[in-house]
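These notes concern the structure reproduced below.
Being a predicted model, the structure only gives us computed values, none of them experimental. Order of listing sets the numbers, starting from 1, for every ligand and every atom in it.
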Amino acid sequence: MRLVLVGPPGAGKGTQAQFLSSHYSIPHISTGDIFRANLKEGTPLGLEAKSFMDSGNLVPDSVTNEMVRDRLTKDDLANGFLLDGFPRNVLQAEVLRAILGEKKTPLDAVLELAVDNAEIILRLSGRRVCRNCGKVWHLEYDKPSSAGTCDACEGELYQREDDKEEVIKHRLDVYQEQTAPIVAFYRGEGLLITITASGSVADITERAISALSRVH
Ligand code: AMP
């Protein structure tokens with residue numbers, strides 16, 4: 001299964017990606033996670049990405065495309081992969097098509113998670129992440145027992161710079177302007193499957209697997 005997940009920030013791509021990658025036994029490739037890991041390690045790539053990420057803008061295509069090309073040459077992709085957060089504009093979608101075309105491993109499907117803006121703002125502004133283990137909590141929907149501390153490892157919880165309300169609004173604009181056009185691109189390629197991404201996490205996963213079972 002070679003799959004791309006598309007949807008606005010806060011649609012739950014990362015959460016669903018974890019379940020889907022384990023269901024299909026395919027690696028979860030999140031460009032946001034790769035950038036954050038580089039930032040944590042202080043690599044040149046991480047430092048280059050930081051200002052774009054903090055302000056909710058896209059990291060330049062030249063940097064992102066090379067990083068993805070590199071990741072897609074690793075030898076753990078025999079079963080396929082699940083791309084989360086890439087592509088984020090039509091140029092990236094074209095580059096991805098070219099990379100996969102060279103390898104003769106085209107995409108099987110693009111799963112769009114659809115959710116409205118008001119719900120996105122609620123979801124993202126309450127999100128908190130453990131600085132130590134990376135587990136994601138929510139101040140309303142998935143509360144840690146004591147605010148500010150991770151129940152799993154007692155690490156400190158923090159709010160991503162780009163989850164602050166002004167930045168969320170900007171990220172939604174960036175999504176509309178730059179990323180939403182890839183939905184039409186993939187519809188044109190006959191790859192698009194759209195599901196409603198509100199309700200419980202388990203219900204959304206079930207909807208996704210059922211929609212994808214018609215592809216494979
Ligand atoms: P995410 O965790 O997917 O929300 O990504 C966090 C941030 O990483 C984004 O707001 C961008 O600044 C950057 N980023 C992630 N994926 C891409 C991409 N495909 N193209 C450009 N920037 C990206």
Notebook entry, point to check: Any link between V183 and V90 through a network of hydrophobic side chains (Ile, Leu, Val, Met, Phe, Trp, Tyr) touching at under 4.5 Å?
Noted result: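 Yes, it is one cluster - the side chains of V183 and V90 are joined through contacts under 4.5 Å.
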Margin query: Is there a path of hydrophobic side-chain contacts, each under 4.5 Å between heavy atoms, that joins V6 and V68?
Written below: yes
Notebook entry, point to check: Would you say R36 contacts ligand 1, with heavy atoms under 4.0 Å as the rule?
Noted result: yes
Notebook entry, point to check: Measuring from the heavy atoms of Q178, does anything fall under 4.0 Å of ligand 1?
Noted result: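 Q178 does not count as a contact of ligand 1 under the 4.0 Å cut-off.
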Is [X] touching ligand 1 with its side chain, its backbone, both, or neither, if touching means heavy atoms under 4.0 Å apart?
{"X": "R160", "value": "side chain"}
{"X": "V174", "value": "neither"}
{"X": "L58", "value": "both"}

Give the residue and atom name of whichever protein heavy atom lies nearest to [atom], and the separation in Å to one decimal.
{"atom": "atom 23 (C) of ligand 1", "result": "F35 CE1, 3.8 Å"}
{"atom": "atom 16 (N) of ligand 1", "result": "T31 OG1, 2.7 Å"}
{"atom": "atom 19 (N) of ligand 1", "result": "G85 O, 2.8 Å"}

Within a distance under 4.0 Å of any heavy atom of [X], pick out the atoms of ligand 1 and give their elements.
{"X": "T64", "value": "18 (C), 19 (N), 20 (N), 21 (C)"}
{"X": "N57", "value": "11 (C), 12 (O)"}
{"X": "F86", "value": "19 (N)"}

Heavy-atom nearest neighbour of [atom] within options [options]:
{"atom": "atom 1 (P) of ligand 1", "options": "M53, R88, R171", "answer": "R88"}
{"atom": "atom 22 (N) of ligand 1", "options": "D54, V59, L5", "answer": "V59"}
{"atom": "atom 20 (N) of ligand 1", "options": "Q92, H170, E161", "answer": "Q92"}

Note to self: Among L3, L72, D76, which residue satisfies the side-chain contact (heavy atoms from CB on, under 4.5 Å) criterion with F81?
What the structure shows: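 Only one of L3, L72, D76 forms a side-chain contact (heavy atoms from CB on, under 4.5 Å) with F81, namely L72.
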Does [atom1] in [X] sit with more than 12 non-hydrogen atoms of other residues, nucleotides or ligands closer than 6.0 Å?
{"X": "Y24", "atom1": "OH", "value": "yes"}
{"X": "K40", "atom1": "NZ", "value": "no"}
{"X": "E206", "atom1": "CD", "value": "no"}

Notebook entry, point to check: Quick check: does any side chain N or O of K13 sit under 3.5 Å from a backbone N or O of G85, one acting as donor and the other as acceptor?
Noted result: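 No, K13 side chain to G85 backbone: no donor-acceptor pair under 3.5 Å.
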Next item on the list: Look only at the side chain of D163 and the backbone of Q159, and say whether a donor-acceptor pair between them is shorter than 3.5 Å.
Entry: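 Answer holds: no.
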Check: Hey, does I195 have a side-chain heavy atom less than 4.5 Å from the side chain of L113?
Finding: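 Yes, side chains in contact.
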